[in-house]
A.B. asks: 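Provided herewith is a single structure, encoded as structure tokens, for subsequent inquiry.
In what follows, chains are A, B, ... by sequence order, proteins preceding strands, each numbered from 1.
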Protein chains: 2
Amino acid sequence: MHTAGVTLQQVAQQAGVSLATASRVLHGSGSRTVGEELRRRVEAAAQELRYVSNAPAQALARATSDVVGLIVHDVADPYFGAIAAGAMRAAREQRLMVMIAATFREPGLELEYLRSLRAQRARAVILAGSGTADADATARLAEEIAGFEADGGRVVCVGERGPDLDTVVMANRGGGGLAARGLWDLGHRRIGVVSGPAELLTVRHRLDGARRALRSLGAPLAPDAVTVGDFTREGGRVAAVRLLRARPDLTAVLVLNDVMAAGALAGLRDDLGLAVPDRVSVVGFDDVPFAADLRPALSTVRLPLEAAGEAAVRLLLEPSGDEPRRVALAAELVLRDSTATTVG
Amino acid sequence: MHTAGVTLQQVAQQAGVSLATASRVLHGSGSRTVGEELRRRVEAAAQELRYVSNAPAQALARATSDVVGLIVHDVADPYFGAIAAGAMRAAREQRLMVMIAATFREPGLELEYLRSLRAQRARAVILAGSGTADADATARLAEEIAGFEADGGRVVCVGERGPDLDTVVMANRGGGGLAARGLWDLGHRRIGVVSGPAELLTVRHRLDGARRALRSLGAPLAPDAVTVGDFTREGGRVAAVRLLRARPDLTAVLVLNDVMAAGALAGLRDDLGLAVPDRVSVVGFDDVPFAADLRPALSTVRLPLEAAGEAAVRLLLEPSGDEPRRVALAAELVLRDSTATTVG
DNA sequence: AAAGCGAGGGAAAGCGCTTTCCACTCACCG
DNA sequence: CGGTGAGTGGAAAGCGCTTTCCCTCGCTTT
């Protein structure tokens, strides 16, 4: 396999120059120049032989590559899709190749892929998606990250993972507060939360932001006003139904991501027959592309997902300093049709 | 960069064995066995030194790698998200790494990424997303594909690209027919189509399937009943509005993908004030995850997207034969709430 | 005019790994 | 008992490229 490839050696021969010269013409890193005549000959030969350089060989000789890894939970999730799109756009400008790995939400896989990327001698990896509160998994990940960096690679996170890592942080706490206050301003006093798995840091922060805001507003979140579901559409549906059965007095619910919110909307309508927003207001989180197309159009906390992907790639290019770098991205509350004022 | 890595040599030394033996223990391809005692020592040493193999070096020595490329139009598009998810799941089982490249719908980029993957000595590449009818671009792509295969790589397409390529074909024609007949069976006689860019093969086939079905039903599609828009939500909205302004007598419209259909639904409602499905029925194409969450829930032609991604990876693993391989995947019409019977 | 210099070219030493040979050790058999 | 061959271990030749070091050459300096 892959035996038939044309080598630089052959190009050099055909051009009547040395291997070194051919290398300098075709992949030269600037420091050395090659005379006009020879340069022309080499380029012509490469063209003619349809030479394609051998990236692994280059990576070996240079001890670095143009590959950057992107580890996400799920490629089909619009949240990660948006981040990935931003990252790939930025990567393209830097002529980097992006290698995406999906963990399907298994922390073990995350570790495995990080190792694999390390084996690839990827120049950097972006860890997108929330870290978990599982101390053991976090420690092993930290160890692997340290190893990766020791090998000279860069690691940047999108979303909180730990204080020593370069990260693009999105305003999860801030967004949670924004949503809670937005609901409050609409007159809502009995607000519930449909949360995701508590071990996800993102979820914790969002919930925490909402909780604090509500407390400072003088209406602390009751324990039975929070319910947990899977971070999927179905999880959102089930949890929302459970929440409103337990607390039928709630007039508004904050759902901690849009995909779950889509499920919640369906559950409230189809399973419970509750009108949104007349009977209960719903606010989502993320503002994924389809949020505006749900009916009622979903009010949600917008996170600059694509920008986060781009920021991550930019961060990658800066050498890591002594201080961990942080880029903070703000959230914004987008009120659409799933929220209404209440007299209650 | 990447200088600090532990090498196999060091592991061998620490274990007191030769490089060859260490290689056989750690990456051995089965043909040779190593004695119990030495094997144990090597494994212990690797563990202790935290050895991580150098994939580029392996790729160089073996002349093959574990990377497979996946070229899509847009990672944020749920259509590709689903295909990618299927592919990654299958790849994982085979311990392959998937490298995703997004072309953002520029044919030139597709070529560039294919070259780049070839340079990486990727074991295979999956070309997802429709080919184009542009003969020049297709020819240059074919040439690059031939080069890739000459180097020993495999190429598999998802969606029609050319008769000589191994491909996973989805029933685009069949699906178009299904949708048309479905609408017909609901009593619709004046049916329009919101199409995507005509140079996309997928679009052509879908349109062609609908056209044929309608013709055989005795109600050929009038030229002014077809309108073209961008393959995006906004493109769908604009085109649908244009179509129904030009042909207000239409009682049903087939939109050639779900993302566009979401836009069409919005346009018909907000711009034109036309009730769906009472005044006009809408059928989409693909059945992306959010289709059921649109209101009215979108009737659509379901394509087995994840299965297609998986099938592509499986196809990759089979050696390419003399005959190009084809895997055909069926479409299915899913009737939800955006379609209704009409009295005609 | 001798020395110094910068620029362009090539030889060759790796980069870290796989794999082909070759060497050696033991049964085991004729 | 030499011969045979299976089972193991190691030496070493690459894989295709980058890069250091050295050499030559044509000029400018003093």
Side-chain angles (χ1 to χ4, degrees), chain A residues 1-42 45-46 49-66 118-123 151-152, chain B residues 1-42 45-46 49-66 118-123 151-152:
Chain A
M1 182 176 259
H2 279 315
T3 52
V6 175
T7 71
L8 229 206
Q9 182 63 261
Q10 294 173 39
V11 173
Q13 202 152 1
Q14 162 115 358
V17 302
S18 76
L19 182 55
T21 301
S23 171
R24 290 197 269 252
V25 171
L26 264 13
H27 316 291
S29 38
S31 60
R32 287 280 305 250
T33 58
V34 170
E36 189 51 41
E37 161 66 7
L38 293 198
R39 146 163 269 114
R40 240 192 3 74
R41 292 218 315 256
V42 171
L49 296 177
R50 307 195 167 294
Y51 171 70
V52 175
S53 65
N54 184 319
Q58 266 185 72
L60 179 58
R62 286 204 172 124
T64 183
S65 78
D66 286 340
R118 187 176 167 191
Q120 296 290 334
R121 294 301 190 264
R123 174 188 291 210
D151 281 6
Chain B
M1 183 176 260
H2 280 312
T3 53
V6 176
T7 70
L8 229 206
Q9 182 63 262
Q10 295 172 38
V11 173
Q13 202 153 2
Q14 162 114 358
V17 302
S18 76
L19 182 55
T21 302
S23 171
R24 290 198 269 252
V25 172
L26 265 12
H27 317 290
S29 36
S31 60
R32 285 280 305 251
T33 60
V34 171
E36 190 52 40
E37 161 67 5
L38 293 197
R39 145 163 270 114
R40 240 192 4 73
R41 293 215 317 253
V42 170
L49 296 177
R50 308 191 167 297
Y51 171 70
V52 176
S53 65
N54 184 319
Q58 266 186 73
L60 180 57
R62 288 205 173 124
T64 184
S65 78
D66 286 341
R118 186 175 168 191
Q120 296 290 336
R121 294 301 189 266
R123 175 188 292 209
D151 281 5

A.B. asks: In degrees, rounded to 10°, what is the bend between the two ends of the helix from C/dA1-D/dT30 to C/dG30-D/dC1, using five pairs at each?
C.D. replies: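 Computed from the C1' atoms at both ends, the axes differ by 50°.
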
A.B. asks: Starting at the 5' end of DNA chain D, which residue's closest nucleotide do you reach first, B/L60 or B/L19?
C.D. replies: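 Whichever sits nearer the 5' end wins; that is B/L19.
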
A.B. asks: I'd like to check the side-chain contact (heavy atoms from CB on, under 4.5 Å) partners of A/A61; sequence neighbours left out, ordered by chain and number.
C.D. replies: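 Here no residue qualifies.
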
A.B. asks: Mind checking what makes side-chain contact (heavy atoms from CB on, under 4.5 Å) contact with B/A59, not counting sequence neighbours?
C.D. replies: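 A/P56, B/S65.
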
A.B. asks: Which parts of residues 50-58 of chain A get close to DNA chain D, meaning a heavy atom less than 4.0 angstrom away?
C.D. replies: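 When residues 50-58 of chain A is checked for heavy atoms under 4.0 Å from DNA chain D, the hits, listed by number, are A/Y51, A/S53, A/N54, A/A57, A/Q58.
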
A.B. asks: Out of D/dG10, C/dA12, C/dC17, which nucleotide sits closest to the side chain of B/T7?
C.D. replies: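 The closest nucleotide is C/dC17.
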
A.B. asks: What does the list of N/O pairs under 3.5 Å between the protein and nucleotides 7-9 of chain D look like, with a distance for each?
C.D. replies:
from: D/dT8; atom 1: OP2; to: B/T33; atom 2: OG1; distance (Å): 2.6
from: D/dG9; atom 1: OP2; to: B/G35; atom 2: N; distance (Å): 2.8
from: D/dG9; atom 1: N7; to: B/R32; atom 2: NH2; distance (Å): 2.4
from: D/dG9; atom 1: O6; to: B/R32; atom 2: NH1; distance (Å): 3.1
from: D/dG9; atom 1: O6; to: B/R32; atom 2: NH2; distance (Å): 3.2

A.B. asks: Please list, chain by chain and in numerical order, all residues satisfying side-chain contact (heavy atoms from CB on, under 4.5 Å) with B/T7, sequence neighbours excluded.
C.D. replies: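 For B/T7 the side-chain contact (heavy atoms from CB on, under 4.5 Å) partners, ignoring immediate neighbours, are B/Q9, B/Q10.
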
A.B. asks: The criterion is side chain to side chain donor-acceptor pair (under 3.5 Å); which residues satisfy it with A/E37, sequence neighbours excluded?
C.D. replies: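 Side chain to side chain donor-acceptor pair (under 3.5 Å) check on A/E37 returns A/R40, A/R41.
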
A.B. asks: Output the distance between atom CG (A/D66) and atom CZ (A/R123), rounded to the nearest 0.5 Å.
C.D. replies: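 One finds 5.0 Å between CG of A/D66 and CZ of A/R123.
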
A.B. asks: Would you mind listing every salt bridge (charged side-chain N to carboxylate O under 4.0 Å, His left out) that reaches into residues 49-59 of chain A, with sequence neighbours excluded?
C.D. replies: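 Residue pairs with at least one partner in residues 49-59 of chain A: A/R50-B/E143.
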
A.B. asks: Can you name the residues that form a side chain to side chain donor-acceptor pair (under 3.5 Å) with A/T21, not counting sequence neighbours?
C.D. replies: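 By the side chain to side chain donor-acceptor pair (under 3.5 Å) rule, A/T21 matches A/S18.
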
